[in-house]
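All remarks here apply to the structure that follows.
Chain A is the first sequence line, chain B the second, and so forth, proteins listed ahead of strands; every chain is numbered from 1. Just so you know, these numbers use all the heavy atoms, side chains as well, and skip hydrogens, waters and symmetry mates.
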2 protein chains.
Amino acid sequence: MPTESPTGKAVRSKRADAQRNQQTVLTAAAEVFVASGVDAPIRQIAARAGVGMATIYRHFPTRADLVTAVYHHQIEACAEAGPNLLDSSDSPFDALRQWIDLFVDFLVTKHGLADALQSDSDRFAALHTYFIDRLLPVSAQLLDAAVEAGEIRPGIQPYELMRGIGNLCVGRDDDPRYDPRRLIGLLLQGLRQPQSP
Amino acid sequence: MPTESPTGKAVRSKRADAQRNQQTVLTAAAEVFVASGVDAPIRQIAARAGVGMATIYRHFPTRADLVTAVYHHQIEACAEAGPNLLDSSDSPFDALRQWIDLFVDFLVTKHGLADALQSDSDRFAALHTYFIDRLLPVSAQLLDAAVEAGEIRPGIQPYELMRGIGNLCVGRDDDPRYDPRRLIGLLLQGLRQPQSP
DNA sequence: TGACAAAGCGGAGCGTTGTTCCGGATATTA
DNA sequence: TAATATCCGGAACAACGCTCCGCTTTGTCA
């Protein structure tokens, strides 16, 4: 039953077993990521899913594709929360702060995700790109609104903020001496306009 | 020619060829680190040094030991600069800022060093420990002095500051969109006392 | 229903890296 | 010089990423 793709070219939908396998892999990957982080061996995910490694590579050519697929919904939710917060908060700065809280929560609860995002190697380049494409406009909108309202000084670039926050979330997440939120709070403090200019 | 160790036990100094090899390895490692980062394969370092891999493992059981040895002098220099800056600056906050500048310079010029420091895996645990042992007291002294002078608000923990700065230096160092120094400047700004409390 | 081609699958296999092991070479000392 | 404690090199093993290829399953069409 060929159908029509958005590009207009005739396209055949995937075989039923392929779709089933893709879902099985996603579920298994999510479980393994929780247990062993996003750097877990592909073999381990394949074993948990009960499929061969090639199956995973076929559906998700790079590790970044797999990670992206697993967290797709949460990334979308985070992206959509931005405008909503801007509407529901009485101050753009407050909306920015709450949104950053969401973003940080997301990062620190996925072991090694922040590390992957900023990884020096480019194994995760596609993941980095996806985050930027999806979330940078949101943060830009929040920043613009806060600047517009005169709550923060202008000049900070959205990319720089995003990456700085991501960076601050890197590393072991079970160290009681380090709470990225405190430093991010300090960063935001530094961003505020002097109370009396 | 047995000599006396600090513990009082008789100790034989290393064989001459072992000392030579250790130095050769250090030199080669320094060169390879510059070219390929601190994650470079041991084989590569061994080849460059013209020794076997076991020789490297014998002298430097973990990668952290090797990295530590290579950068030992620079870490010491950074540690010693702290008190000196405190003496020569007219404001403790200024000394703190200059010292952080030194620290950041050191981190960003060694490819992947910041990444290694905050690595989620514990391959570099000893390196992290060494940095903390050596530099945390220095940063604590600078912070205390600045708090004492009423230039920054109290409450920030030295460990948190060190790690935050290290984290902000993580990742690709050739991205013109991201300059860790700007964000660190913002952090310091957030640390300042409100001008008019 | 019953072929048959296309699509999909599994795991063996190759290359890379970390780490260890051991027979042989070498420096030191008597 | 000869003995021996020390050190060395690279082979060997394990873990992992990724690919290749013979076999299986699925969808289709007579």
- Message: Any side-chain N or O of Asn21(B) below 4.0 angstrom from OP1/OP2 of dC7(D)?
- Response: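 No.
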
- Item | Under 3.5 Å side-chain donor-acceptor pair for Asp65(B) and Thr68(B) |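 No, because no side-chain N or O of Asp65(B) sits under 3.5 Å from a partner of the opposite role on Thr68(B).
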
- DNA chain C: 5'-proximal contact among His59(A) and Arg20(B) (nearest heavy atom):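 The 5'-side residue here is His59(A).
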
- For Tyr178(A), all residues meeting ring-ring contact (aromatic ring centres under 6.0 Å, His included), sequence neighbours excluded: none

Take the protein atom [atom1] of [X] and the nucleotide atom [atom2] of [N], then report the distance between them rounded to whole Å.
| X | N | atom1 | atom2 | result |
| --- | --- | --- | --- | --- |
| Gln44(A) | dA15(D) | CD | P | 13 Å |
| Asp17(A) | dC9(C) | CG | P | 5 Å |
| Ile45(A) | dC16(D) | CD1 | C1' | 12 Å |
| Arg15(A) | dC4(C) | CZ | C1' | 13 Å |

- Message: Going by side-chain hydrogen bond (donor to acceptor under 3.5 Å, both in side chains), name the pairs with one or both residues in residues 42-53 of chain A, residues two or more places apart or in two chains.
- Response: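 Residue pairs passing side-chain hydrogen bond (donor to acceptor under 3.5 Å, both in side chains), neighbours aside: Glu31(A)-Arg48(A), Ser36(A)-Gln44(A).
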
- Task: Give every residue pair that meets the side-chain hydrogen bond (donor to acceptor under 3.5 Å, both in side chains) criterion with at least one member in residues 136-151 of chain A, sequence neighbours excluded.
- Result: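 For residues 136-151 of chain A, and leaving out neighbouring residues, the side-chain hydrogen bond (donor to acceptor under 3.5 Å, both in side chains) pairs sorted by first residue read Ser91(A)-Glu151(A).
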
- So what does Ala16(A) touch, heavy atoms closer than 4.0 Å: a base, only the sugar-phosphate, or nothing? sugar-phosphate

- Residue pairs meeting salt bridge (charged side-chain N to carboxylate O under 4.0 Å, His left out), one or both in residues 79-98 of chain A, sequence neighbours left out, come to Asp94(A)-Arg97(A)

Could you go over nucleotides 18-22 of chain D and give all protein N or O partners under 3.5 Å, atom names and distances?
unit_1, atom_1, unit_2, atom_2, d
dC18(D), OP2, Tyr57(A), OH, 3.2

- Message: So, using side chain to side chain donor-acceptor pair (under 3.5 Å) as the criterion, who are the partners of Arg172(A) when residues are at least two apart?
- Response: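 Checked Arg172(A) against side chain to side chain donor-acceptor pair (under 3.5 Å); zero matches.
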
